[in-house]
Protein chains: 2
Amino acid sequence: MKRIEGQQQLYYIEHNTIQSFFSFDISPYIEVFEFDKGDFIIQEGAEPEYLFYMVEGKAKLYVTHKNGKVSLINFLTPPIFMGEIELLNEEKYSKSIQTSSRSICIGIAIEKCKEKLLADAHFLKYLCIFLSNKSTVHSAKYTKHQAYPLENKLAEFILLSSHHDIYKEKHTEISDYFGVSYRHLLHTFAQLADAGIIEKTKMGYKIKSKEKLQALADEIK
Amino acid sequence: MKRIEGQQQLYYIEHNTIQSFFSFDISPYIEVFEFDKGDFIIQEGAEPEYLFYMVEGKAKLYVTHKNGKVSLINFLTPPIFMGEIELLNEEKYSKSIQTSSRSICIGIAIEKCKEKLLADAHFLKYLCIFLSNKSTVHSAKYTKHQAYPLENKLAEFILLSSHHDIYKEKHTEISDYFGVSYRHLLHTFAQLADAGIIEKTKMGYKIKSKEKLQALADEIK
DNA sequence: TAAATAATATGAGATATCTCCTATTATTAT
DNA sequence: ATAATAATAGGAGATATCTCATATTATTTA
């Protein structure tokens with residue numbers, strides 16, 4: 001992680017709509033950070049210092065369980081706020097956020113302007129909408145995940161994350177995301193391949209029948 | 001469902017802190033409703049009319065899946081806002097809320113004061129905190145549920161919902177809540193009974209070993 | 001460039017959970 | 001009070017998913 005300053009810092013601030021969320025001048029309170037691939041933006045248990053707004057890159061939200069199991073809760077893509085929960089409550093970070101590619105985040109120093117933020121109706125309204133959407137998406141995902149077997153959820157996911165009919169995500173990551181074992185994920189891929197719906201190639205999995213994949217995905221609400 | 005008016009209406013308004021969430025006089029916009037056991041406060045697909053604040057009673061939040069399966073997402077207990085998501089976004093209700101006992105809700109007519117609400121920093125701050133807590137709880141529940149077998153989650157639930165070491169919830173409801181089949185829930189109860197941890201009586205299940213139950217629950221993060 | 005680490009792959013057997021079926025007992029509505 | 005409906009109960013067999021073990025192949029790091 002490193003601070004970005006000067007000309008480059010200005011670039012990121014001006015090319016993003018960060019100011020539009022606030023009704024006061026936010027510039028005195030912001031810093032721009034660059035995170036390398038694999039860096040942690042936020043670490044479970046650490047003291048919150050910044051409200052982050054990711055403008056470039058890709059990250060993953062994790063939680064660690066007592067039994068050592070790690071759950072990948074979500075993929076985070078810009079533009080997105082991170083650490084807003086800790087802004088609202090006096091708590092340490094309860095989850096980790098790790099980049100999966102080089103990322104740029106605008107950081108708003110919490111200590112310096114928490115009070116201003118929490119009195120700004122414009123910002124709060126935006127934050128409410130953000131939180132409520134998050135809650136909707138989350139709740140949909142949750143009910144889905146408990147009501148359908150992996151085959152259906154995977155079909156939906158393959159359709160969403162493939163490019164030009166090629167799927168090439170990391171199995172280790174995706175098994176975490178779905179909260180299933182690596183082994184079972186592979187089983188399910190093999191199952192889809194056996195049914196002639198996808199095919200394994202050097203490049204990744206090739207979608208052979210979008211219709212059948214869609215039919216499986218459509219069984220989900 | 002029936003409107004409560006006059007003296008009784010005043011009672012409910014004054015004995016609750018509803019005014020404290022707003023920085024303007026909310027009284028012109030509110031009505032008090034009484035719902036009988038089993039009534040729907042909110043129905044999936046209906047047009048949002050009120051932001052509800054439940055002050056008495058008990059309710060359940062449901063979603064219906066395409067495949068007909070119904071998931072009990074949560075138990076709602078006062079004081080709690082309901083329909084706040086639909087206040088923030090232009091959407092129909094996406095879930096149903098059904099009372100499980102006679103309930104009293106204060107309803108705030110959305111149409112009449114949506115704009116005032118969304119400009120009130122005091123209310124918005126409270127709503128942000130409410131939404132963020134909801135999100136935290138929800139996310140904890142979600143990751144828990146996908147990382148542990150029913151036995152552990154049930155142990156935790158029995159400890160939480162028993163009174164004087166007697167557990168007596170409806171199996172049908174609880175199997176929905178955990179998103180498992182009724183059959184499997186019974187299996188798991190039988191399993192705990194076989195292990196001598198609980199015992200079935202006419203009154204409900206009696207906890208024989210709080211320690212063992214706690215040990216099972218403690219395996220969860 | 002060798003060694004270490006992470007990701008992929010697959011077999012075998014165990015466990016958690018599901019569906020379908022069939023009875024019995026409470027509760028609710030006519 | 002009777003019929004209808006909802007809740008409880010448990011058997012049997014299927015399926016989804018897990019754990020553990022073991023190789024092979026990429027990718028990263030010293």
Side-chain angles (χ1 to χ4, degrees), chain A residues 36-39 60 62 65 67-72 98-102 144-155 167-195 198-205 216 219-220, chain B residues 36-39 60 62 65 67-72 98-102 144-155 167-195 198-205 216 219-220:
Chain A
D36 284 332
K37 177 177 174 175
D39 279 0
K60 289 170 286 176
Y62 287 105
H65 298 270
N67 63 8
K69 244 189 213 179
V70 172
S71 294
L72 171 58
Q98 186 180 27
T99 64
S100 45
S101 67
R102 179 183 161 276
K144 236 188 241 184
H145 276 220
Q146 79 172 12
Y148 296 89
L150 181 62
E151 190 179 29
N152 300 99
K153 298 177 290 188
L154 187 56
Y167 168 96
K168 47 186 313 175
E169 302 294 323
K170 268 198 216 138
H171 289 335
T172 42
E173 212 159 276
I174 306 312
S175 61
D176 263 359
Y177 175 65
F178 283 114
V180 301
S181 67
Y182 178 86
R183 188 67 191 85
H184 184 54
L185 179 64
L186 280 207
H187 265 144
T188 309
F189 269 108
Q191 201 174 303
L192 291 176
D194 284 350
I198 58 177
E199 187 186 33
K200 196 155 88 184
T201 72
K202 307 131 242 165
M203 328 251 6
Y205 289 85
L216 282 171
E219 287 175 30
I220 302 181
Chain B
D36 284 331
K37 176 178 174 174
D39 279 359
K60 290 169 285 176
Y62 286 106
H65 298 270
N67 63 8
K69 242 187 213 179
V70 172
S71 295
L72 171 58
Q98 185 180 27
T99 65
S100 45
S101 69
R102 176 183 164 279
K144 236 188 240 182
H145 276 221
Q146 78 173 11
Y148 297 89
L150 181 61
E151 190 177 30
N152 301 101
K153 298 176 292 189
L154 188 57
Y167 168 96
K168 48 185 315 177
E169 301 294 322
K170 270 197 211 139
H171 288 336
T172 42
E173 212 159 277
I174 306 311
S175 61
D176 262 0
Y177 175 64
F178 283 114
V180 301
S181 67
Y182 178 85
R183 189 63 190 86
H184 185 54
L185 180 64
L186 279 208
H187 266 142
T188 309
F189 269 107
Q191 199 175 304
L192 292 176
D194 284 351
I198 58 175
E199 186 184 35
K200 195 155 88 184
T201 72
K202 307 131 240 164
M203 328 251 8
Y205 289 85
L216 281 172
E219 288 176 30
I220 301 182

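What you see is a predicted model, and the numbers here were worked out from it, not measured in a lab. Below, chains carry the letters A, B, ... as their sequence lines are ordered, and counting in each starts from 1.
- Taking A:Glu173 as the reference, A:Lys60 meet the salt bridge (charged side-chain N to carboxylate O under 4.0 Å, His left out) condition, with sequence neighbours excluded.
- A straight line from CG of A:Leu185 to P of C:dT8 spans 9 Å, rounded to a whole angstrom.
- To the nearest angstrom, P of C:dT17 lies 14 Å from CZ of B:Phe189.
- A:Asn152 pairs by the side-chain hydrogen bond (donor to acceptor under 3.5 Å, both in side chains) definition with A:Glu219, not counting sequence neighbours.
- Going from atom CD of A:Glu169 over to atom C1' of C:dT8 covers 15 Å, rounded to whole Å.
- A pairwise comparison of heavy atoms in B:His145 and A:Gln146 identifies ND1-OE1, 4.3 Å as the closest pair.
- Partners of B:Glu151 by side-chain hydrogen bond (donor to acceptor under 3.5 Å, both in side chains), not counting sequence neighbours, listed by chain and number: B:Gln191.
- The side chain of B:Thr172 contributes an N or O atom lying less than 4.0 Å from OP1 or OP2 of D:dT8.
- B:Tyr148 approaches B:Ile220 most closely through the heavy-atom pair CZ-CA, 3.8 Å.
- Between the CZ atom of B:Phe178 and the P atom of C:dC18 there is a distance of 13 Å, given to the nearest Å.
- Rounding to the nearest 0.5 Å places OG1 of A:Thr188 at 6.5 Å from CG of A:Leu154.
- Residues passing the ring-ring contact (aromatic ring centres under 6.0 Å, His included) test with B:Tyr205 are B:His171, B:Phe189, sequence neighbours excluded.
- With rounding to whole Å, B:His171 atom NE2 is found 14 Å from C:dA26 atom C1'.
- Take B:Glu169 and apply the salt bridge (charged side-chain N to carboxylate O under 4.0 Å, His left out) test, not counting sequence neighbours, and it matches no residue.
- C:dT8 atom C1' lies 17 Å from atom CE of A:Met203, rounded to whole Å.
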Pairs under 3.5 Å (N/O, protein and nucleotides 26-29 of chain D):
none

What are the atom names and distances for every N/O pair under 3.5 Å that joins the protein to nucleotides 10-14 of chain C?
unit_1: C:dG11; atom_1: N7; unit_2: A:Arg183; atom_2: NE; d: 3.2
unit_1: C:dG11; atom_1: N7; unit_2: A:Arg183; atom_2: NH2; d: 3.0
unit_1: C:dG11; atom_1: O6; unit_2: A:Arg183; atom_2: NE; d: 2.9

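- Annotation: the span from A:Tyr167 atom OH to A:Leu192 atom CG amounts to 10.5 Å, rounded to 0.5 Å.
- Rounding to whole angstrom units, CG of residue A:Leu150 and P of D:dA16 are separated by 10 Å.
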Table please: side-chain donor-acceptor pairs of residues 177-186 of chain B below 3.5 Å, with sequence neighbours left out.
unit_1: B:Ser181; atom_1: OG; unit_2: B:His184; atom_2: N; d: 3.1
unit_1: B:Arg183; atom_1: NH2; unit_2: B:His187; atom_2: NE2; d: 3.4

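- Rounded to 10 degrees, the angle separating the terminal helix axes of the helix from C:dT1-D:dA30 to C:dT30-D:dA1, each built from five base pairs, is 60°.
- Taking every side-chain heavy atom of A:Lys170 into account, C:dT8 is the closest of C:dT8, C:dT17, D:dA9.
- Atom pair B:Ile174:CD1 and C:dT17:C1' shows a separation of 18 Å (rounding to whole Å applied).
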